[in-house]
Every structure is written in structure tokens, then in C-alpha cells.
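One structure below.
This one's a predicted model, so the numbers in the text were calculated from it and none came from an experiment. The chain is numbered in sequence order, starting from 1.
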Amino acid sequence: MAAIRIKNLSKSFGDAKVLKQTDLTVEEGEIFGLIGPSGSGKSTLLRILTGYLEPSDGSAEVFESAPAAFSPEARRRVGFMPQGFVLYEELTVLQNLNFVAGLYGLRFGERHRRVREVLGFVELWDDRRKAARDVSGGMQRRLQLAAAVVHEPDLLFVDEPTANLDPILRRKFWEEFEQLREGGRTIFVTTQYVGEAELCDRVGLLVDGTLVAVGTPAELRRQAFGGEIVHLSLGGEPGSLPERLRALEDLGRVEEVRRDAGGDDVVSLVRLLVEDADTALPNVMEVLSGADVRSLDVPKPSFDEVFFRLVKETGQVGLGSR
């Protein structure tokens, strides 16, 4: 069942069109990552999905309801972690979480259990009596995550949770998201960090208000490169391999052949593009039977390169590592 269904959605502020005819479905029980540069429309889409804004055109449904018209029961199924710290700095970690749990209607016994459980989950139980203003920025971010899940929502929206965090704490957040997913939760996360795409079940790339690509990390790699890359290192001059190269062309596309000479030893380096490496490799090895195969590798291009290619296809400004 779909947790989120978006059809032909657009959002404008005056003459500025922030989102353009967006279609997207997010299934229950997956981590969906929305990735794009600052100003691409990620936060606007998130505000529509959480009911803070309404679309100008098209529709957005969360659990088959329009977010702006959520009933109290439907709203309790959703959690939201915003970018900035929105809790009370003068209250302690424990008081903040008790306050949020009360807003969601958790009764005393259930509230006590969930607050202790969630503070343990985000590793803040030992710091529960500290004022929120006296803990680090990373701890404040973890407190916000605790507040977003204290009522056990089925769907969690998270807006750029790892921005400006160190790599260790960023990894910790993703481990927590994975635990939530394993518990049956759906996670919709926005990020500027392209490398975090690898940690999602599916990814959407939003550029200048347009959703230019959606798929699993593997699908996006294939889309960006037109298939999967196989690197071959073969003994011998490129000119001595024409028959084998022609046979490889039947399996994919030979993109590059170059010579790498080390002393008297000549090696031909071949870059082959195939539709699916797992299917193609046995046939590649059969074609190369008897050849001096020095190495065979199926490299995974970085997601910086994947997204750069996808963005370049749109003619938009390139996307960096954030």
C-alpha cells in the first residue's frame, strides 16, 4: 500500500513556480530519500505533505487523505522532524519530550514508557536532566528525532536531519532510520548530501522544482550511465584484440580501449558498458576464454558522479556533494 501518493502537483508563490507537475508514490515500509541542491523545492514539498501548505495544482495524499485536511487520528500516524530546533531551550531534555508526548495525547503510563524508550533509542537518557540549551547541536537534533517518534507514527518526515553534522553523527542518524524502517515505519527524508542516496531504498532527485529521476540506487546508476560498467585489463596490444572486442560489442558497448605499457609488458584496458553486469559477466568470460585476462572489475560510480550526470541531462546547474 502507498503511504504517499502525489499526482501532477505544482506549487507557486506569486510568479515563482517552486514545484512543477510532480508525480511520486512512496510505499509503506521504505526509506525514501529526496535529494537536491538548496532551493530545489524539497522543503516546500515536505510542507505540503505535512499539511502546512496546500498545492496550487494537482494533489497530494498521505494514507489516502489530503494532509491539510488530516483528522486527529490521521495526524497521529505522522511524525515530523524539521531542520531547525523548535523545542523549548529552557526545559530539560526529559521535560521537552514529556511535553510533546502530552500533545499527542499519551496517557501517563504510556508516556512514561515511551519517553524512556525513545530517549534510550537516541542515546539521551543519561542527559535527560540537562536543559536543552546546554546540550550540543547534535544532541538537540537527536532530541528532535525523539520528539518526532515518541507517539510511534507510521510515517516519519525528516527535513535535512544531517546538515552540518560530523560524519559519525550522520551515520548514527541513518542507523536510527534503518531501525525505524525495520520496525515497519516509512521514512521520507530530504538531504543535500548526495552520498546518502546509497542508504535509501529509493531516491528522488529534485532539481529546480522538477523531479528528474526516481528509483533505487542501482536503477539510478544504470539510468545515469546507460547500464553498468565493466573494467577489463587484458594482456596484449589493443590492435591484437579486434576479434575479441567485436565479440564484446555483441554483449554491450566498448566505450574505451587504451594501452598501458609497463616496461616490456603491454596491457590493454577496456571499458565495457552492459545492461546488467550479473547477466553479462558469464558471457564476457566466455568471449575472453583463452585471453590473458589480468583483472575484471565492476566499479560502482560515486553518487556524486551519478547525480552530476542526471542533472546534466536536464540542462540545469550541476549538483555538488551537498
Side-chain angles (χ1 to χ4, degrees), residues 23-27 29-35 174 178 181-182 193-207 211-316 318-319 321:
D23 292 291
L24 177 66
T25 299
V26 177
E27 300 296 335
E30 71 172 338
I31 298 178
F32 183 87
L34 186 64
I35 296 181
W174 281 96
E178 288 164 6
R181 191 250 330 262
E182 288 167 7
Y193 291 107
V194 171
E196 293 183 341
E198 191 91 59
L199 305 173
C200 301
D201 298 308
R202 288 195 309 135
V203 183
L205 173 59
L206 192 66
V207 180
L211 197 60
V212 299
V214 179
T216 66
E219 287 168 347
L220 294 185
R221 276 198 176 95
R222 290 193 185 97
Q223 182 177 338
F225 288 87
E228 291 188 288
I229 298 166
V230 178
H231 284 172
L232 299 165
S233 176
L234 307 174
E237 294 274 4
S240 68
L241 302 170
E243 187 176 338
R244 295 190 189 280
L245 293 178
R246 280 196 296 271
L248 287 175
E249 285 280 14
D250 293 334
L251 304 176
R253 184 172 79 244
V254 176
E255 289 198 316
E256 181 183 20
V257 182
R258 60 190 174 87
R259 180 176 179 272
D260 185 14
D264 295 331
D265 190 20
V266 178
V267 177
S268 296
L269 305 175
V270 180
R271 176 180 165 124
L272 177 68
L273 186 69
V274 298
E275 185 175 341
D276 181 83
D278 290 339
T279 303
L281 284 180
N283 296 322
V284 169
M285 294 309 296
E286 184 177 346
V287 166
L288 296 175
S289 177
D292 182 11
V293 180
R294 304 291 179 86
S295 66
L296 185 153
D297 184 34
V298 183
K300 281 190 175 183
S302 72
F303 267 91
D304 281 322
E305 189 173 359
V306 169
F307 283 97
F308 175 78
R309 281 177 174 251
L310 292 174
V311 171
K312 190 176 179 181
E313 288 177 5
T314 71
Q316 304 292 339
L319 179 65
S321 61

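The side-chain contact (heavy atoms from CB on, under 4.5 Å) test with Val270 singles out one residue from Leu296, Leu288, Val254, and that residue is Val254.
Note that the CZ atom of Phe225 and the CG atom of Leu310 stand 9.0 Å from one another [nearest 0.5 Å]. For the atom pair CG of Leu234 and CG of Asp292, the computed distance is 8.0 Å after rounding to the nearest 0.5 Å. Taking CZ of Arg253 as the start and CD of Glu275 as the end, the distance is 12.0 Å to the nearest 0.5 Å.
A pairwise comparison of heavy atoms in Val306 and Ala224 identifies O-CB, 3.7 Å as the closest pair. Minimum interatomic distance between Val284 and Leu248 (heavy atoms only, all atoms of both residues): CG1-CD2, 4.0 Å. Of all non-hydrogen atoms in Ser233 and Leu269, the two that sit nearest each other are OG-CD2, 3.8 Å. Nearest heavy atom pair, residue Gly227 against residue Leu273, reads C-CD1, 3.8 Å. The nearest pair of heavy atoms linking Ala197 to Pro217 is O-CG, 3.5 Å. Closest heavy-atom contact between Val311 and Val207: CG2-CG2, 3.8 Å.
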Item to check | CA sep, side-chain torsions, deciding dist, call: Leu205, Leu220, side chain to side chain contact (heavy atoms under 4.5 Å, CB included) | outcome: CA-CA 10 Å; Leu205 173 59; Leu220 294 185; 5.8 Å; no
Checklist entry - Taking it one step at a time, do Arg181 and Glu178 satisfy side chain to side chain contact (heavy atoms under 4.5 Å, CB included)? => result CA-CA 5 Å; Arg181 191 250 330 262; Glu178 288 164 6; 3.8 Å; yes
Item to check | side chain to side chain contact (heavy atoms under 4.5 Å, CB included) between Val230 and Leu281, intermediate numbers included | outcome: CA-CA 9 Å; Val230 178; Leu281 284 180; 4.1 Å; yes
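With contacts defined as side-chain heavy-atom distances shorter than 4.5 Å, the pair Leu211/Leu34 qualifies. A 4.5 Å side-chain heavy-atom check between Val214 and Arg202 finds at least one atom pair inside the cut-off. In this structure, the side chains of Ile35 and Phe303 stay at 4.5 Å or more apart for every pair of heavy atoms. Considering only heavy atoms from C-beta on, Val203 comes within 4.5 Å of Phe307 through its side chain. Between Arg222 and Asp276 there is a side-chain heavy-atom pair separated by less than 4.5 Å.
Without hydrogens or angle criteria, Glu228 side chain to Ala277 main chain gives a donor-acceptor distance under 3.5 Å.
Listed by chain and residue number, Arg221 satisfy the salt bridge (Lys or Arg N to Asp or Glu O under 4.0 Å) test with Glu198 (two or more places apart in sequence, or in another chain).
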